[in-house]
Amino acid sequence: LECCTHFKDSGAAAACPRLRHRVFTVQSRWTSAHPDVDITGEGGALATRRSDGGRYKSTVCGQVLQAEGEAYAEFTWVSGIYMMVGVARAGVDASSKEDGLSRTADGWMYACGNGAHWHNHRSRPWASGEAQGIKEGEMVGLLLRRGSLSVHIGGRQVGVMCTGLSGALVWAADLGNYGSVRIPGR
């Protein structure tokens, strides 16, 4: 059975013992971005950086996730040299970030190329496991569960990137020069 977004986030779903441990895969689309990022591709599922300039430019999804709950999303690194995906605080204005969300206190990002965890303009160690990157054309899954963000490559968990997340979050990406990233759309 498919659960609609409204039901899965409701109190009735939270009270249901059969659904309590179910992880919901979030199918989303990019809804807000820096002016240098085109989010109209593939019905909003593909974000593409339109220019270079050396700094990351950000995009976020509109669906709000609760850090204390459970949600899973897969991201495909379509093209480009530098790409980061992760979560950001809900309500963050991606259009105003001139150097990406990874450089702020509002973003927790996975660097696709080397697996580094970026937050608040610093590379930070993973909470557990070893940082592993992906290659252009490959997919990475991120599982937000009870305040932790774990990384999944090739269908298996490779580690927990960070813990201690709380409150309302959204899926996010920082795109390098002419980079593209896809999140499964509706």
Side-chain angles (χ1 to χ4, degrees), residues 23-34 37 39 45-47 49 55-78 80-134 136 138-153 157-176 179-184:
V23 176
F24 293 96
T25 300
V26 177
Q27 292 186 332
S28 200
R29 63 184 180 90
W30 305 112
T31 56
S32 174
H34 187 276
V37 177
I39 56 173
L46 182 69
R49 172 90 181 264
R55 293 182 168 191
Y56 286 101
K57 303 303 179 194
S58 302
T59 184
V60 295
C61 292
Q63 184 171 1
V64 176
L65 316 167
Q66 293 302 316
E68 297 80 8
E70 296 181 350
Y72 179 81
E74 293 178 331
F75 302 86
T76 302
W77 178 10
V78 177
I81 299 173
Y82 304 107
M83 184 67 58
M84 293 192 198
V85 295
V87 293
R89 291 196 196 287
V92 68
D93 182 7
S95 68
S96 69
K97 303 300 178 195
E98 287 301 322
D99 200 12
L101 291 164
S102 60
R103 307 297 198 252
T104 72
D106 294 322
W108 294 264
M109 307 300 281
Y110 165 84
C112 294
N114 62 10
H117 166 215
W118 280 88
H119 172 66
N120 208 13
H121 209 299
R122 294 180 57 190
S123 177
R124 301 178 184 272
W126 279 29
S128 68
E130 199 168 306
Q132 293 182 35
I134 61 171
E136 186 177 310
E138 293 183 337
M139 186 182 314
V140 62
L142 297 180
L143 175 62
L144 178 63
R145 177 186 275 165
R146 296 183 199 103
S148 296
L149 190 62
S150 61
V151 176
H152 297 251
I153 300 173
Q157 181 175 321
V158 297
V160 176
M161 191 174 78
C162 58
T163 60
L165 299 174
S166 63
L169 302 169
V170 293
W171 297 118
D174 282 350
L175 291 84
S180 291
V181 63
R182 177 182 298 114
I183 189 168

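These values consider heavy atoms only, across backbone and side chains, with no hydrogens, waters or symmetry-generated copies.
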Using the test side chain to side chain contact (heavy atoms under 4.5 Å, CB included), find all partners of [X] that sit at least two apart in sequence or belong to another chain.
{"X": "A94", "answer": "S32, S58, V60"}
{"X": "S148", "answer": "V160, T163"}
{"X": "A116", "answer": "A111, N114, W118, S123"}
{"X": "S180", "answer": "L46, T48, V78, S79"}

Please identify each residue that fulfils salt bridge (Lys or Arg N to Asp or Glu O under 4.0 Å) with D99, with sequence neighbours left out.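 Salt bridge (Lys or Arg N to Asp or Glu O under 4.0 Å) list for D99, sorted by chain: R103.
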
Looking at residues at least two apart in the chain, or sitting in another chain, which of them share a salt bridge (Lys or Arg N to Asp or Glu O under 4.0 Å) with K57?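 Partners of K57 under the salt bridge (Lys or Arg N to Asp or Glu O under 4.0 Å) test: E98.
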
Shortest non-hydrogen contact from [X] toward [Y]:
{"X": "R29", "Y": "A45", "value": "CB-N, 4.3 Å"}
{"X": "T31", "Y": "C61", "value": "OG1-C, 3.3 Å"}
{"X": "S28", "Y": "Q63", "value": "OG-CB, 4.2 Å"}

Sequence neighbours excluded, which residues qualify as ring-ring contact (aromatic ring centres under 6.0 Å, His included) partners of W108?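 W108 satisfies ring-ring contact (aromatic ring centres under 6.0 Å, His included) with H119 once adjacent residues are dropped.
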
ring-ring contact (aromatic ring centres under 6.0 Å, His included) against F75, all qualifying residues, sequence neighbours excluded: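 Per chain and number, F75 pairs via ring-ring contact (aromatic ring centres under 6.0 Å, His included) with W171.
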
Euclidean distance, [Y] [atom2] relative to [X] [atom1], rounded to 0.5 Å:
{"X": "M109", "Y": "D174", "atom1": "CE", "atom2": "CG", "answer": "4.0 Å"}
{"X": "C162", "Y": "L144", "atom1": "SG", "atom2": "CG", "answer": "8.5 Å"}
{"X": "H117", "Y": "M84", "atom1": "NE2", "atom2": "CE", "answer": "10.5 Å"}
{"X": "R146", "Y": "S166", "atom1": "CZ", "atom2": "OG", "answer": "16.0 Å"}
{"X": "L101", "Y": "R89", "atom1": "CG", "atom2": "CZ", "answer": "11.5 Å"}

Quick one: which residue pairs count as a salt bridge (charged side-chain N to carboxylate O under 4.0 Å, His left out) with a foot in residues 117-129, not counting sequence neighbours?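 As it turns out, there is no salt bridge (charged side-chain N to carboxylate O under 4.0 Å, His left out) pair with a partner in residues 117-129 once direct neighbours are skipped.
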
side-chain hydrogen bond (donor to acceptor under 3.5 Å, both in side chains) partners for S95, two or more places apart: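 Counting only residues at least two positions away or on another chain, S95 forms a side-chain hydrogen bond (donor to acceptor under 3.5 Å, both in side chains) with D93.
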
Which residues satisfy the side-chain hydrogen bond (donor to acceptor under 3.5 Å, both in side chains) test with H121, sequence neighbours excluded?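 H121: no side-chain hydrogen bond (donor to acceptor under 3.5 Å, both in side chains) contacts found.
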
M83, E138, M139 screened by side chain to side chain contact (heavy atoms under 4.5 Å, CB included) with T76, the one that passes: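 The passing option is M139.
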
Got a donor-acceptor contact below 3.5 angstrom from the W126 side chain to the G115 backbone?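 A pair under 3.5 Å: yes.
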
Donor-acceptor pair, distance only, cut-off 3.5 Å: does the side chain of E74 make one with the backbone of L142?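 Between the backbone of L142 and the side chain of E74 there is no qualifying donor-acceptor contact (under 3.5 Å).
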
Any side-chain heavy-atom pair from V85 and W77 closer than 4.5 angstrom?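 No, side chains not in contact.
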
